[in-house]
2 protein chains.
Amino acid sequence: MRTAREPHPKDRLLRTASRLFYAEGIHAVGVDRLVTEAAVTRATFYRHFPGKDDLVVAYLKAASEAIREVVGRVRKGKAPREALIATMSVIGDATCEDDFRGCRFLNAAAEYPDPGHPVRAVIDDHRTWFLGVLRDLAADLGHPDSDHAARVLVLLRDGALHGGELDDPAVVRETLRRAVEDVIPH
Amino acid sequence: MRTAREPHPKDRLLRTASRLFYAEGIHAVGVDRLVTEAAVTRATFYRHFPGKDDLVVAYLKAASEAIREVVGRVRKGKAPREALIATMSVIGDATCEDDFRGCRFLNAAAEYPDPGHPVRAVIDDHRTWFLGVLRDLAADLGHPDSDHAARVLVLLRDGALHGGELDDPAVVRETLRRAVEDVIPH
DNA sequence: TAGCAGAAAGACCGATCGTTCTCCCTAGTG
DNA sequence: CACTAGGGAGAACGATCGGTCTTTCTGCTA
């Protein structure tokens with residue numbers, strides 16, 4: 001039976017995958033769990049995705065899309081300095097959300113060691129995009145070495161996204177906020 | 001038959017576990033694979049470890065011990081500033097090593113979502129230790145806010161250890177080096 | 001020399017892995 | 001009305017998962 005909110009089985013699969021993969025890890029969630037919680041049959045699963053790995057790729061692509069949308073939104077209409085701070089604040093705020101469990105992409109990378117795997121391609125693509133965003137912002141800000149600044153911000157991002165899970169999220173957010181202010185010229 | 005280099009089956013298991021868990025992920029390596037590559041039988045495995053999780057804990061504890069030994073060594077006899085730089089250089093250098101595949105502890109955390117799991121306890125312990133080391137070093141250095149400085153260094157550490165796997169290790173090392181110099185007073 | 005602990009070898013357990021299959025039902029379209 | 005595509009239900013595939021078992025052999029020590 002199709003509900004009004006999630007009419008298509010494919011959408012239900014993607015939403016369920018996003019929730020379970022993030023909360024419990026990718027290898028830890030089997031196809032059985034997936035189809036049961038999505039209220040979809042195995043046949044339907046394999047009608048929409050050639051295999052589990054393709055669902056993983058779709059999951060990460062959707063996550064990347066969602067983040068790009070959020071980052072694009074918080075930057076809109078802001079001056080360079082505020083835009084950069086807002087962009088990095090998205091990271092800090094994320095660590096403080098309920099059910100935060102680190103970065104989807106870093107977590108996935110830990111489970112897919114092969115650099116040539118399609119999953120890694122999605123991860124690389126996302127990271128390249130984010131580095132580019134930060135570099136552009138730093139350049140707009142007139143930073144003397146925008147490339148270096150962007151790379152430091154990426155270090156802080158990656159660190160915060162893991163520290164936020166393992167350490168105190170509020171402290172991590174504040175640490176990140178201050179660190180970002182130290183990186184950009186004032 | 002016992003070889004001269006690794007006489008004890010338990011040692012062989014631990015070394016093999018360290019290699020395989022790090023290179024391919026923990027859940028991805030089964031007990032079959034483990035005992036085959038360690039040239040040990042299943043019975044021997046379960047004679048030394050109650051279960052696979054106990055081997056994982058032993059693996060991470062050994063890794064933590066090794067890192068504490070290295071960090072202790074590079075600090076020895078150095079002035080505070082050089083000691084801190086040397087300590088953080090260990091991270092940057094690690095990213096450039098062959099077969100580097102990120103932080104053993106962050107990778108393990110990604111595979112063990114339950115914060116109450118014994119594996120997570122080892123991870124938390126290691127992180128607490130390292131944060132303490134950096135805080136002491138920053139305090140010795142006379143940093144006005146050694147706690148904050150240490151937390152920023154941890155962010156950079158975590159970020160570098162993941163960026164080193166996903167991005168260009170040499171660039172990450174240089175980015176980390178410059179970032180560390182910006183954190184400590186000069 | 002006798003005894004025993006530890007390791008080798010491998011069969012075996014139920015459960016789960018990702019994947020494929022058949023059969024039936026229903027909604028939408030010609 | 002007939003046709004068809006897509007989803008529901010569930011059995012089944014071989015492989016592997018973590019874990020237990022029995023049996024045999026070896027090397028050390030009392």
Side-chain angles (χ1 to χ4, degrees), chain A residues 1-21 23-60 107-108 110-114 117-120, chain B residues 1-21 23-60 107-108 110-114 117-120:
Chain A
M1 187 206 304
R2 291 178 176 176
T3 70
R5 294 185 46 176
E6 302 179 12
H8 308 305
K10 188 166 184 174
D11 282 353
R12 289 205 306 272
L13 273 170
L14 212 43
R15 290 166 191 257
T16 305
S18 181
R19 179 170 52 88
L20 294 182
F21 285 163
E24 306 182 19
I26 297 173
H27 290 333
V29 176
V31 176
D32 269 319
R33 256 309 275 310
L34 231 27
V35 299
T36 300
E37 299 221 11
V40 158
T41 60
R42 301 177 80 78
T44 304
F45 175 96
Y46 284 99
R47 200 172 292 125
H48 288 290
F49 300 96
K52 189 191 175 187
D53 275 356
D54 300 271
L55 176 61
V56 176
V57 167
Y59 148 65
L60 289 176
N107 286 351
E111 296 200 59
Y112 287 84
D114 177 13
H117 195 284
V119 165
R120 289 290 287 265
Chain B
M1 190 206 306
R2 291 179 176 175
T3 68
R5 294 184 45 175
E6 302 179 13
H8 308 304
K10 188 167 182 174
D11 282 353
R12 290 208 303 273
L13 273 170
L14 213 43
R15 289 166 191 258
T16 305
S18 181
R19 181 171 51 89
L20 294 182
F21 286 163
E24 307 183 16
I26 297 173
H27 290 332
V29 176
V31 176
D32 270 318
R33 186 77 192 295
L34 232 25
V35 298
T36 300
E37 298 221 11
V40 159
T41 61
R42 299 179 77 79
T44 304
F45 176 96
Y46 284 100
R47 196 174 298 123
H48 288 291
F49 300 96
K52 188 191 174 187
D53 275 357
D54 300 87
L55 176 61
V56 176
V57 167
Y59 149 64
L60 289 177
N107 286 350
E111 295 200 60
Y112 286 85
D114 178 12
H117 195 283
V119 164
R120 288 289 287 264

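Naming convention: chains lettered A, B, ... in sequence-line order (proteins, then strands); numbering from 1 in each chain. Any value given below was found using the heavy atoms of this structure, including those in side chains, with hydrogens, waters and symmetry copies removed.
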Quiz item: Base, sugar-phosphate alone, or nothing: which one does A:Ala39 contact when heavy atoms must sit under 4.0 Å apart?
Solution: sugar-phosphate
Quiz item: Has the side chain of B:Arg42 got a donor or acceptor that lies under 3.5 Å from a partner of the other kind on the base of C:dA9?
Solution: no
Exercise. Measure from NZ on A:Lys10 to P on D:dG6 and round the result to the nearest Å.
Key: 11 Å
Quiz prompt | SB check A:Arg12 A:Glu37 (cutoff 4.0 Å) | solution = no
Practice problem: Measure from CZ on B:Arg33 to P on D:dT16 and round the result to the nearest Å. | Solution: 12 Å
Quiz prompt | Whole-Å distance separating the CG atom of A:Asp32 from the C1' atom of D:dA11 | solution = 13 Å
Quiz item: Is B:Val31 touching bases, backbone alone, or none of the nucleic acid, heavy atoms closer than 4.0 Å?
Solution: sugar-phosphate
Practice problem: Can you figure out which of C:dA7, D:dG18, D:dC21 approaches the side chain of B:His48 most closely? | Solution: C:dA7
Quiz item: Between B:Thr36 and B:Asp32, is there a donor-acceptor pair closer than 3.5 Å when you use the side chain of the first and the backbone of the second?
Solution: yes
Quiz item: How is A:Val35 classified with respect to the nucleic acid when contacts are heavy atoms under 4.0 Å: base, sugar-phosphate, or nothing?
Solution: nothing
Quiz item: A:Asp54 CG to C:dG18 P: how many Å, rounded?
Solution: 13 Å
Self-check item: Cation-pi, A:Tyr46 ring and A:Lys52 (6.0 angstrom, 45 degrees)
Solution: no
Exercise. Output yes when at least one side-chain N/O atom of A:His8 is less than 4.0 Å from OP1 or OP2 of D:dG7, else no.
Key: no
Practice problem: For A:Arg47 and C:dC25, give me the distance from atom CZ to atom P, rounded to whole Å. | Solution: 16 Å
Self-check item: Integer-rounded Å distance: C:dG6 C1' and B:Leu13 CG
Solution: 14 Å
Quiz item: Could you give the NE2-to-P distance, from B:His27 to C:dA15, as a whole number of Å?
Solution: 21 Å
Quiz item: What integer distance in Å separates B:Phe45:CZ from D:dG19:C1'?
Solution: 9 Å
Quiz item: How long is the span from the OH atom in B:Tyr59 to the OG1 atom in B:Thr16, to the nearest 0.5 Å?
Solution: 13.0 Å
Practice problem: Return no unless some side-chain N or O of B:Tyr46 is found under 4.0 Å from OP1 or OP2 of D:dG19. | Solution: yes
Quiz item: Quick check, are the ring centers of A:Phe21 and A:His27 under 6.0 angstrom apart?
Solution: no
Exercise. Please state whether the phosphate of C:dA7, meaning OP1 or OP2, lies under 4.0 angstrom from any side-chain nitrogen or oxygen of B:Thr41.
Key: no
